[in-house]
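A, B, ... follow the sequence lines: proteins, then strands. Residue 1 opens every chain. The basis for the numbers below is simple: all heavy atoms, side chains too, and nothing from hydrogens, waters or symmetry mates.
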Amino acid sequence: MKEDFPFLERGVVYLDNAATTQKPNRVIEAISNFYRYHNANIHRGIHTLSIEATDMYERSRERVASFIGAKPKELIFTYGTTSSINFLAVSLLRSGILKEGDVILLSSLEHHSNLLPWQNLKKFGISLKFVDVDEKGVLNEEDVIRSMEGVRFLSLTGLSNVTGQRVDLERVTDAAKKRGILVHIDGAQTVPHVKLDVSKLGIDFLSFSAHKMLGPTGIGGLYINEKYLEAFSPFLVGGGMISRVTLEDSTYADPPEKFEAGTPNIAGAVGFAAAVDYLNSFGMERVEKTDRDLTRYAIESLKKLDFVKLYGPGDERQVSIVSFNVDGAHPHDVATVLDEEYKVAIRTGHHCAQPLMRRLGVSATCRASFYLYNTWEDVDKLVEGLKRVKKWIG
Amino acid sequence: MDWMKELYSDLVMRYAKDSSVQRTIDGAISAEDRNESCGDEVQLFLKLKDGVVEDASFVGKGCVVSMASASMMVKIIKGKSINEVENILGNVEKMMKGEDYDEDILGDLVAFSGISGIPARSKCFYLAWSVLKNVLQSLREGSK
């Protein structure tokens, strides 16, 4: 399978998959073929190429929607998870679904992109409530459920980008539904690693990014349950999303077009669908098992190093991500030595989760994150590198 | 690879791990800065007398690069006049940008001569110097 990923020919042990994943030939070729042979703007075109490009774009929507168990019209293409959540927060406010006095429930695990868009609603009289994690950074689903009293809306990560904790979404969603609470899941890390079906799960909204699941950057998805499609007004207005326009007033096209003003990222959508096809052919169960096994092996291996401190649940709930620190060595120094001496790429810093860092009592951590092309040898290389780091710097 | 051996040389490591340089100075001018992306922080203390740095120290936490750089800084500016300190800072900035600079006045700091080639770490290196720069600027403004 490594031969599907040209990037890996560079000999890099790439353990920064939570930031972005590498792209298989199938995705790279789908994008380049689109530009080579099919490039045209979509919708309203009468000529063959435009009809073809429109068809490719809409078929892409169908494939990505089906990947998450949604209907095509329920999937809007955005720039990525951050734009999805911004779009969602503003639309919930404008449509009156969220209004003054409402309470939004979040956790202290959240990535800044699932925090700041909600903080922006505070000036409209909407308040935020947080479920805290324990000192290892673990979120207890019972605590989420216990905090649901008086809550109108729940926005939660499905898989923490720092600790790798997979949240039991079924349990949390069931409890929310019973209380009439609307649910949005930040799926940036969940959708790439775990089979997620929005219709089975019964959530209202889901955000995710293509580039964290083998697809290109600059495109992502927002799932909006069909019951909200009419109530939601467009986030952006302009070309491509209208039905009838006069100088004074306009009516909009049907969803999902009404939410996609301007020329969309057509080649990106085509690449996104190719990524989904690749994941389907590999099998999402196999992806999850590979990521889980690698994570477990990494945790076991790192536990043997007495100078390494691990964060997160450390059990089967942890998928694809391992955060840690090395005694006496700053994460930046760890990353520099691993990169230069071992060609091991990890990420360091606050991982866009400063509240969680504060909760863990650190200013930064090292993070190794895995995907389907990683191997146990990659983990061994990381361990070898960390021993060197300790000797040199720690 | 070579630059990394230089970056984590024995000399740099000694400066970074030398906790004795970290102290506060009563009645000194003090300023601080943080590198938000990694949480590194440096609080600088400067005691001036007749336009000369009588004593300098810092308190901070961070990576080898930011701590060694701060440590070298307080050592080199001690006993220097404000003009000399300005000159050191100017040469440090030149070194960081990869421009020609005066090696003779930078002393041990030339251990970081390769920093211009490592943009990912130049922010670490410059943290303490940015604090110093702010202090110098407010001194200049204060004397106007």
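- Other residues, nucleotides and ligands place more than 12 heavy atoms under 6.0 Å from the OH atom of A:Y342.
- Here the straight-line distance linking atom NE2 of A:H332 with atom CG of B:D40 works out to 6.5 Å at 0.5 Å rounding.
- No part of A:V362 comes within reach of chain B, as not one of its non-hydrogen atoms sits under 4.5 angstrom from that chain.
- Contacts with chain A (heavy atom to heavy atom, under 4.5 Å) involve these residues of residues 111-135 of chain B, listed by number: B:R121, B:C124.
- The OG atom of A:S363 sits 4.5 Å away from atom NZ of B:K61, with the distance rounded to the nearest 0.5 Å.
- Under the side-chain contact (heavy atoms from CB on, under 4.5 Å) criterion, A:V90 pairs with A:R94, A:F235, sequence neighbours left out.
- In this structure B:K78 satisfies the salt bridge (Lys or Arg N to Asp or Glu O under 4.0 Å) test together with B:D55, sequence neighbours excluded.
- Smallest separation of non-hydrogen atoms from A:W392 and B:Y8: NE1-O, 3.2 Å.
- The number of heavy atoms from other shown groups lying within 6.0 Å of NZ (A:K129) is above 12.
- Looking at every heavy atom in both residues, B:V64 comes nearest to A:D333 through N-OD2, 2.5 Å.
- Among the residues in residues 346-357 of chain A, those with a non-hydrogen atom closer than 4.5 angstrom to a non-hydrogen atom of chain B are A:G349, A:H350, A:Q354.
- Around NZ of A:K136, the count of heavy atoms belonging to other residues, nucleotides or ligands within 6.0 Å exceeds 12.
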